[in-house]
Number of protein chains: 2
Amino acid sequence: MAYDKAISALADPTRRSLFEKIAERPNNVASLAQQFPVSRPAISQHLKVLQEAQLVKVQIAGTRRIYEIDHVGLEAIKSYLDGFWNDALGAFAAEIHKQNREH
Amino acid sequence: MAYDKAISALADPTRRSLFEKIAERPNNVASLAQQFPVSRPAISQHLKVLQEAQLVKVQIAGTRRIYEIDHVGLEAIKSYLDGFWNDALGAFAAEIHKQNREH
DNA sequence: CCTTATCGTAAGCCATAACTTACCGTAAGT
DNA sequence: ACTTACGGTAAGTTATGGCTTACGATAAGG
């Protein structure tokens with residue numbers, strides 16, 4: 001549904017890399033931040049974007065926040081892309097049809 | 001393979017919309033440009049990005065260039081996303097395993 | 001040839017977004 | 001209560017990228 005947010009969320013390299021880290025292993029913010037050359041607030045901002053895109057979700061554990069994958073965002077992109085195979089083939093068939101009519 | 005270029009190519013709204021138009025129907029540059037509120041050179045630049053991401057390919061017809069869908073880029077994104085289901089599940093299982101060991 | 005149509009590229013401008021430092025709130029430990 | 005750990009948010013800076021105008025290159029048509 002919100003495939004646009006999910007796609008632009010994964011467009012940024014460090015944010016995509018962050019998402020991959022979370023996919024490998026759910027983790028908290030500080031622990032994720034020290035795996036990147038950017039500051040912790042930068043990671044927080046990236047996580048906010050990923051969360052709004054429904055690519056990750058949080059699980060609160062005391063003062064820590066464990067981020068883990070949310071499959072909703074991934075599914076949104078996937079179904080968006082799947083829509084193209086049908087559409088593309090349909091449009092291509094229609095185009096052949098049209099060219100035949102225009103002989 | 002080059003999923004990163006494909007993803008960031010589809011991140012821009014007008015470029016994604018342009019890609020959708022081409023998916024509906026292969027078309028030349030000028031004809032595509034007049035369907036958008038931006039200038040023709042802007043469309044050319046978008047097409048260049050889409051082409052480098054292997055989302056579209058060109059077919060030269062005289063002085064015109066017919067742009068049509070290239071499925072390589074779509075396939076690249078799709079397989080990148082598919083890689084996550086396995087990885088995510090594997091990582092999740094590994095996490096459970098780890099927590100058990102840490103009892 | 002000369003003109004016209006079509007399109008790519010270069011240079012520059014401007015808006016957005018990624019990053020930094022600084023600050024604040026909250027939860028847990030002593 | 002005080003301190004410490006953890007992390008979100010605000011404000012400001014900088015870099016990236018999308019847009020425009022101007023120009024050049026090529027193919028078709030008369």
Side-chain angles (χ1 to χ4, degrees), chain A residues 2-22 25-70 73 77 102, chain B residues 2-22 25-70 73 77 102:
Chain A
Y3 61 88
D4 55 335
K5 284 189 180 180
I7 292 179
S8 47
L10 291 181
D12 180 67
T14 65
R15 193 161 48 219
R16 185 172 57 244
S17 176
L18 177 62
F19 175 71
E20 292 168 3
K21 293 277 191 211
I22 296 174
R25 185 187 195 283
N27 217 340
N28 62 326
V29 180
S31 183
L32 285 167
Q34 69 185 16
Q35 305 181 49
F36 288 89
V38 299
S39 69
R40 185 193 51 77
I43 298 295
S44 270
Q45 291 162 11
H46 281 309
L47 288 171
K48 186 179 183 181
V49 175
L50 288 173
Q51 194 176 355
E52 286 172 354
Q54 291 185 289
L55 285 167
V56 301
K57 49 187 174 187
V58 200
Q59 202 165 354
I60 298 178
T63 165
R64 299 188 181 180
R65 287 161 174 261
I66 311 297
Y67 281 87
E68 61 185 14
I69 267 203
D70 186 354
I77 304 180
E102 286 172 351
Chain B
Y3 61 88
D4 55 336
K5 285 189 179 180
I7 292 178
S8 48
L10 291 182
D12 180 67
T14 66
R15 193 159 49 218
R16 184 172 57 245
S17 175
L18 177 62
F19 176 71
E20 291 168 2
K21 293 276 191 212
I22 296 173
R25 184 185 195 282
N27 216 341
N28 63 326
V29 180
S31 183
L32 286 166
Q34 70 185 17
Q35 304 181 50
F36 288 88
V38 299
S39 69
R40 185 194 50 75
I43 299 295
S44 271
Q45 292 163 8
H46 281 310
L47 289 170
K48 186 179 183 181
V49 175
L50 288 173
Q51 193 177 355
E52 286 172 352
Q54 290 185 289
L55 285 166
V56 301
K57 48 188 174 184
V58 200
Q59 203 165 352
I60 298 177
T63 164
R64 297 188 183 181
R65 289 163 173 260
I66 310 298
Y67 281 87
E68 62 185 14
I69 266 203
D70 186 354
I77 303 180
E102 287 171 351

Exercise for the section: Calculate the interatomic distance between A/Ile43 atom CD1 and C/dT20 atom P; express it in whole Å. Expected result: 9 Å
Exercise for the section: Could you give me the CA-CA distance, side-chain angles and deciding distance for B/Gln51 and B/Lys57, then say whether side chain to side chain contact (heavy atoms under 4.5 Å, CB included) is met? Expected result: CA-CA 6 Å; B/Gln51 193 177 355; B/Lys57 48 188 174 184; 5.8 Å; no
Practice task
Report yes if some heavy atom in the side chain of A/Gln35 is under 4.5 Å from a heavy atom in the side chain of A/Asn27; otherwise report no.
Solution key: yes
Fill in the blank from the handout: Taken to the nearest whole Å, CZ/A/Arg65 to C1'/D/dG8 is 7 Å
Practice task
With heavy atoms under 4.0 Å as the rule, sort A/Tyr67 into base, sugar-phosphate or nothing.
Solution key: sugar-phosphate
Handout entry: Value in whole Å for how far the P atom of D/dG7 lies from CD of A/Gln59
Key = 14 Å
Exercise for the section: Report the distance from atom CD of A/Gln51 to atom C1' of D/dG7, rounded to the nearest whole Å. Expected result: 13 Å
Practice task
Please name all residues satisfying side chain to side chain contact (heavy atoms under 4.5 Å, CB included) with A/Asp12, sequence neighbours left out, ordered by chain then number.
Solution key: A/Thr14, A/Arg15, A/His46
Completion exercise
Computed from five pairs at either end and rounded to 10 degrees, the angle between the axes of the helix from C/dC1-D/dG30 to C/dT30-D/dA1 is 20°
Problem - Closest approach of A/Leu47 to A/Val29 (non-hydrogen atoms, all atoms of both residues) - result: CD1-CG2, 3.8 Å
Practice task
Considering non-hydrogen atoms only, spot the tightest contact between A/Gly62 and A/Ile60 and give its length.
Solution key: O-CG2, 3.6 Å
Problem - Heavy-atom side-chain proximity of B/Ser44 to B/Arg40 below 4.5 angstrom - result: yes
Practice task
Return the set of residues passing side chain to side chain contact (heavy atoms under 4.5 Å, CB included) with A/Ala6 (not counting sequence neighbours), or none when no residue passes.
Solution key: A/Ala53, A/Leu55, A/Ile77
Exercise for the section: Would you name the heavy atoms of A/Lys5 and A/Glu52 that are closest together and state the gap between them? Expected result: CD-O, 4.0 Å
Practice task
Whole angstrom is fine here: how far is it from CG in B/Leu32 over to C1' in C/dA5?
Solution key: 16 Å
Problem - Nucleotide D/dG7, atom C1' - distance to CD1 of A/Ile60 in whole Å - result: 11 Å
Show the distances under 3.5 angstrom between N or O atoms of the protein and N or O atoms of nucleotides 18-22 of chain D.
| unit_1 | atom_1 | unit_2 | atom_2 | d |
| --- | --- | --- | --- | --- |
| D/dG18 | OP1 | B/Arg15 | NH2 | 3.4 |
| D/dG18 | OP2 | B/Arg15 | NH1 | 3.1 |
| D/dC19 | OP2 | B/His46 | NE2 | 2.2 |
| D/dT20 | OP2 | B/Ser39 | N | 2.7 |
| D/dT20 | OP2 | B/Ser39 | OG | 2.7 |
| D/dT20 | O4 | B/Gln45 | NE2 | 3.0 |

Practice task
Check the pair B/Tyr67 / B/Gln59 against side chain to side chain contact (heavy atoms under 4.5 Å, CB included), numbers first and verdict last.
Solution key: CA-CA 6 Å; B/Tyr67 281 87; B/Gln59 203 165 352; over 6 Å; no
Exercise for the section: Mind listing the closest non-hydrogen atom pair of A/Ile22 and A/Ile69 along with its distance? Expected result: CG2-N, 3.9 Å
Problem - Any A/Asn28 side-chain nitrogen or oxygen under 4.0 Å from OP1 or OP2 of D/dC6 - result: no
Handout entry: Reading 5' to 3' through nucleotides 25-30 of chain D, protein heavy-atom contacts under 4.0 Å coded B for base, S for sugar-phosphate only, - for none
Key = --SS--
Problem - Whole-Å distance separating the NZ atom of B/Lys5 from the P atom of D/dG17 - result: 12 Å
Problem - Gap between atoms CD and P, on A/Glu52 and C/dA17 respectively (whole Å) - result: 12 Å
Problem - Atom of B/Ile66, atom of B/Pro26 and distance for their closest heavy-atom approach - result: CG2-CB, 4.0 Å
Problem - A/Ser8 side-chain N/O to A/Asp4 backbone N/O, donor-acceptor pair under 3.5 Å - result: yes
Practice task
Starting from the C-alpha separation in whole Å, work towards a yes-or-no answer on side chain to side chain contact (heavy atoms under 4.5 Å, CB included) for A/Leu32 and A/Lys21.
Solution key: CA-CA 8 Å; A/Leu32 285 167; A/Lys21 293 277 191 211; 4.1 Å; yes
Pairs under 3.5 Å (N/O, protein and nucleotides 13-15 of chain D):
none

Exercise for the section: Look at the side chain of A/Val29 and decide which nucleotide, out of D/dG7, C/dG8, C/dT9, has an atom nearest to it. Expected result: D/dG7
Exercise for the section: Would you give the length of the straight line joining atom CG of A/Leu50 to atom CG of A/Asp70, rounded to the nearest 0.5 angstrom? Expected result: 10.5 Å
